[in-house]
Amino acid sequence: MIDKALLTKTRELSDRLIALQTPIRILDAINWDKQIKEEFFKHKCQKNPTVDQAYYQQRDLGFVPSDLRRAFSDLNRDIISQLGQLNPIAQYMSKMCTEYKTVLSMIEYRGTPEFHDLSVELFGHPKDLFHAGEPSLAELATMLEQPLKSMLDADILPDDPKNIEAVDAVKILAEQVKQSMPGINVEVILSDGIVSDAAAGADNIKLNQDVKFSQRELDILEVHEGWIHVGTTQNGLAQPYLTCLSKGTPSSTVTQEGLAVLTEIITLKSTPRRLAKLVNRIQGITKVIDGAEFVDIYRDYIAQGLSKDDSYTLTQRVFRGSTATGLPFTKDIAYIKGFVLVYNLIRVAIQLGRIDQLHLLLVGKISIDDFRLISQLHDLGVIEDPKFIPPHFKDLRGLATWLSFGRFIGNLSFEQLENDYKPLFI
């Protein structure tokens, strides 16, 4: 066990880290306002939006990045001097300080090529490999696209109708999370300030007031935004010492989004179109890295049958923080990248007989890379068990069985299976 005085100091330093991080809102700093969209459609979608470095610099961030970066450096020095650089608590918080300093630099470089470079440093690159000789993330997305395209083209699994007004969706989703997240107060509210259909806060889920929802989409939001994003935030806040687990760094975002996508899939909430949208994000980022501009990506989405609004929104996600002819913001590779990392972690845990440790993925907003450190801090009594555990993690027998059979089936030759079974469908 760790000395009580050291734990008290940990809590003080952790609360300082939270206070410094609180004003940082990456998406608020890089999103484009509605006027950009209106101007794009005014020119009949034929002209790249006019967004440059000056456009971003006129936005009031509510803080001075250089000053806040210096404050994180001061905090990092205090962490090391007061806890010791070899202390696992110090190592964890020191890493967070370093990541936030990089985030602040990225925000400063909005509208320049350096923005993309720092984005890659924080979130990764679509052409990164998990292991030498294996497919890149972009190649995995292409492989995943093929079966999804077959299903979507055949229209055998049509999407549920979007017939629920946002104001009614708020009431429905609020009741769902109330039932499935006992002990956690989650507020569901309308918002006109988000680009996506929905977004999670520390204790709330925001729904875009201009969007209609299907019941299936609300089910996905319940498990993705509610169980994972809000749930892990609240678990982090409930920690007695490392309260900074409630704050997500970019590296933890990859794990968070991967865990959320995995949850959608294993609870049977996701759909082929939902997964295709995640794949499209990676492909869009890859095409921009290869030279495509805003209008190119927009037209590509239109050619795939997406609506004008959806095509614009997806394209904007790629270019936010950059310019319409610049290199992309790579955050959206997090969903599939994180899914692969979390899925493999769970598979290895099952193989090693350590599935009992998987609940530590939920103690807060952690990164896969920090899992061993988190386990160590849990054993030392610094980190407590998560307050909220989603239903599919409470009883891991079903999850373990599902993944074990998934590994078994994956060893079979699909080409041979197709030859054997294809005649049955003719």
Problem set entry | Counterpart residues, side-chain hydrogen bond (donor to acceptor under 3.5 Å, both in side chains), relative to K127 (two or more places apart) | D290

Problem set entry | Which residues share a side-chain hydrogen bond (donor to acceptor under 3.5 Å, both in side chains) with H359, sequence neighbours left out |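 With neighbours one apart ignored, the set is D385.
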
Hey, could you give me each pair passing salt bridge (Lys or Arg N to Asp or Glu O under 4.0 Å) that has a residue in [range]? Not counting sequence neighbours.
{"range": "residues 11-35", "result": "K9-E12, R11-D15, R16-D78, K34-D210"}
{"range": "residues 277-288", "result": "K287-D300"}
{"range": "residues 38-67", "result": "D67-R70"}
{"range": "residues 191-203", "result": "none"}

Among residues two or more places apart or on two chains, list those pairs meeting ring-ring contact (aromatic ring centres under 6.0 Å, His included) that have a residue in [range].
{"range": "residues 179-208", "result": "none"}
{"range": "residues 157-203", "result": "none"}
{"range": "residues 82-101", "result": "F72-Y100"}

For this session: Check ring pair (Phe, Tyr, Trp, His ring centres under 6.0 Å) between F371 and all other residues, then give those that pass, not counting sequence neighbours.
Result: none

Exercise. Should D332 and V318 count as side-chain neighbours, where that means a heavy-atom distance under 4.5 Å?
Worked result: no

Exercise. What residues, two or more places apart in sequence or in another chain, satisfy side-chain contact (heavy atoms from CB on, under 4.5 Å) together with N235?
Worked result: L362, P386, K387, F388

Problem set entry | P240: side-chain contact (heavy atoms from CB on, under 4.5 Å) partners, not counting sequence neighbours |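 For P240, the residues satisfying side-chain contact (heavy atoms from CB on, under 4.5 Å) (neighbours in sequence not counted) are E384.
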
Determine the minimum heavy-atom distance between [X] and [Y], stating which atoms define it.
{"X": "L129", "Y": "E134", "value": "CD2-O, 3.3 Å"}
{"X": "K337", "Y": "G124", "value": "NZ-CA, 3.8 Å"}
{"X": "I282", "Y": "P126", "value": "CG2-CB, 4.2 Å"}

Exercise. Within the distance-only criterion (no hydrogens, no angle test), does the side chain of Q234 pair as donor or acceptor with the backbone N or O of A202 below 3.5 angstrom?
Worked result: yes

Problem set entry | Aromatic plane relationship, F41 with Y312 - under 30° parallel, 30 to 60° tilted, over 60° perpendicular | tilted

Exercise. Does the ring center of F40 lie less than 6.0 Å from the ring center of F294?
Worked result: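 Ring-ring flag for F40/F294: true, centres closer than 6.0 Å.
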
Exercise. If you measure only the distance, is there a donor-acceptor pair under 3.5 Å linking the side chains of H116 and S322?
Worked result: no

